[in-house]
Amino acid sequence: MAISIKITKTPQSRIGDCDFNNIPFGTIFSDHMFMVDYEDGEWHNAQILPYGPLSLSPSTFALHYGQAIFEGMKAFKTAEGEAQLFRPHDNWERLNLSARRMAMAEIPEELFMSGLKALVDLDRDWIPTKQGSSLYLRPYMFATDEFVGVRPAKHFKLIIFSCPVNAYYPKPIRVIVEEKYVRAFDGGVGNAKAAGNYGISMLPTAEANKKGFDQIIWTDGVSHKYIEESGTMNVFFAMGKKIITPALDGTILAGITRDSCIKLLREKGYEVEERKISIDEIVEAHQNGLLTDAFGSGTAAIIAKIAAFNYKGVEYTLPNPEEREVSNWLYNTLYSIQTGATPTSFNWIDKV
Ligand SMILES: *Cc1c(COP(=O)(O)O)cnc(C)c1O
């Protein structure tokens with residue numbers, strides 16, 4: 001099946017207005033977007049058009065019932081000036097996993113990849129080349145039925161747009177262990193990239209910010225004793241050559257960066273355990289001087305070092321971020337693979 005995409009180019013590129021040395025995260029959008037609509041059981045009208053406002057009915061289904069999912073991924077420029085994507089098939093697979101959980105239409109691989117690549121190809125000059133930067137891609141899908149009444153929607157719109165970004169978290173983060181609010185329960189939607197998962201995190205995060213913390217460490221919804229993840233990132237803790245991270249038990253998001261970290265660490269000879277991790281275990285490791293590193297992993301930040309964590313009002317400060325063996329190595333290795341500076345034996349790179 002050949003995918004035909006109707007392309008309407010912008011009459012006037014906005015790229016001259018973009019200061020690539022100073023891009024506030026997520027505020028500058030490239031010239032074009034990809035859009036495709038689902039109706040009568042099929043995807044129709046694949047097109048690329050100038051990035052711009054949508055016209056939606058006030059009764060648009062997703063706006064009241066929350067059938068909305070998204071992805072986050074990146075395109076990079078190699079030193080030779082080639083454009084490449086990092087693990088895009090994994091994002092496609094996860095988008096469909098989210099779609100199934102939210103009773104939304106799945107998108108065929110060829111349609112997703114063709115739209116994605118055509119968009120990155122057309123806007124390739126928007127991929128920044130400064131150290132730490134990339135073109136962030138945001139695929140998302142939402143229900144467009146004009147309908148009031150609760151039943152799964154029948155119409156969906158998938159859009160992909162992009163924003164050039166510099167390094168996301170300039171500084172190591174201070175986090176607080178959350179013991180009041182819950183992000184996800186067994187049988188819920190914690191492992192889907194559902195828009196609502198972020199909606200419910202805004203108040204807890206704002207409260208943590210007010211107390212001076214950058215992010216929350218979510219805990220399990222039953223006992224608040226086990227670590228889940230942090231904001232938009234999965235979390236890792238290092239005790240010398242042993243690295244631990246919470247297992248994918250259905251309530252946390254299966255991060256592609258998480259998976260990349262695990263594979264790279266194992267290849268390098270680290271012992272990585274995916275299992276339940278209690279906060280008490282981390283506190284004890286800290287008190288015994290065994291906790292050498294802690295960090296979050298996610299597409300936006302790649303690796304965000306945790307400078308300190310707060311649990312029950314006690315602040316636990318981790319070793320100097322500059323001297324962190326694991327997180328520094330992972331960040332440099334991943335970014336270097338993503339930009340093509342270091343070859344990888346994993347099948348992670350897709351040229352555009
Ligand atoms: C997207 C996301 C992550 C990170 O996933 P990556 O594929 O590594 O970007 C982690 N946690 C949550 C809740 C997320 O939504």
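What you see is a predicted model, and the numbers here were worked out from it, not measured in a lab. Every number for a ligand or one of its atoms is a count from 1 in the order of the listing.
Of the heavy atoms in Lys193, only side-chain atoms (C-beta onward) come closer than 4.0 Å to ligand 1.
In terms of protein heavy atoms, atom 3 (C) of ligand 1 is closest to Thr232 O, 3.2 Å. Counting only heavy atoms of the protein, atom 15 (O) of ligand 1 lies nearest to Tyr198 OH, 2.4 Å. What sits closest to atom 8 (O) of ligand 1 on the protein, heavy atoms only, is Thr257 OG1, 2.6 Å. Counting protein heavy atoms only, atom 5 (O) of ligand 1 is closest to Gly255 CA, 3.3 Å. Shortest contact from atom 11 (N) of ligand 1 to any protein heavy atom: Glu229 OE1, 2.5 Å. Closest protein heavy atom to atom 9 (O) of ligand 1: Thr299 OG1, 2.6 Å.
Between Arg94 and ligand 1 there is a heavy-atom distance shorter than 4.0 Å. Put simply, part of Gly231 is less than 4.0 Å from ligand 1, judged by heavy atoms. For the pair Arg183 and ligand 1, a heavy-atom separation below 4.0 Å is found.
Remark: Glu82 does not engage Lys77 in a salt bridge, criterion side-chain N to carboxylate O under 4.0 Å. Ion pair Lys351/Asp121 not flagged as a salt bridge, since none of the NZ, NE, NH1 or NH2 atoms sits closer than 4.0 Å to an Asp/Glu carboxylate oxygen. Under a 4.0 Å N-O distance rule, the pair Glu325/Lys241 qualifies as a salt bridge. A salt bridge is absent between Lys9 and Asp31; no separation between the charged side-chain nitrogens and carboxylate oxygens falls under 4.0 Å.
Asp37 and His155 form no side-chain donor-acceptor contact under 3.5 Å, judged by distance and modelled atom types alone.
Counting the atoms of ligand 1 from 1 in the order shown, those under 4.0 Å from a heavy atom of Met233 are 10 (C), 11 (N). Counting the atoms of ligand 1 from 1 in the order shown, those under 4.0 Å from a heavy atom of Asn234 are 10 (C).
Here the side chain of Asn234 pairs no donor or acceptor atom with the backbone of Thr245 at under 3.5 angstrom.
Pro58 places none of its side-chain heavy atoms less than 4.5 Å from the side chain of Glu146.
Below 30°, between 30° and 60°, or above 60°: for Phe156 and Tyr38 the angle between ring planes is between 30° and 60°, a tilted geometry. Ring orientation note: the planes of Phe309 and Tyr316 are close to parallel, at an angle under 30° on the 30°/60° scale.
Between the choices Val235, Leu253, Ile252, Ile256, the shortest heavy-atom distance to atom 7 (O) of ligand 1 belongs to Ile256.
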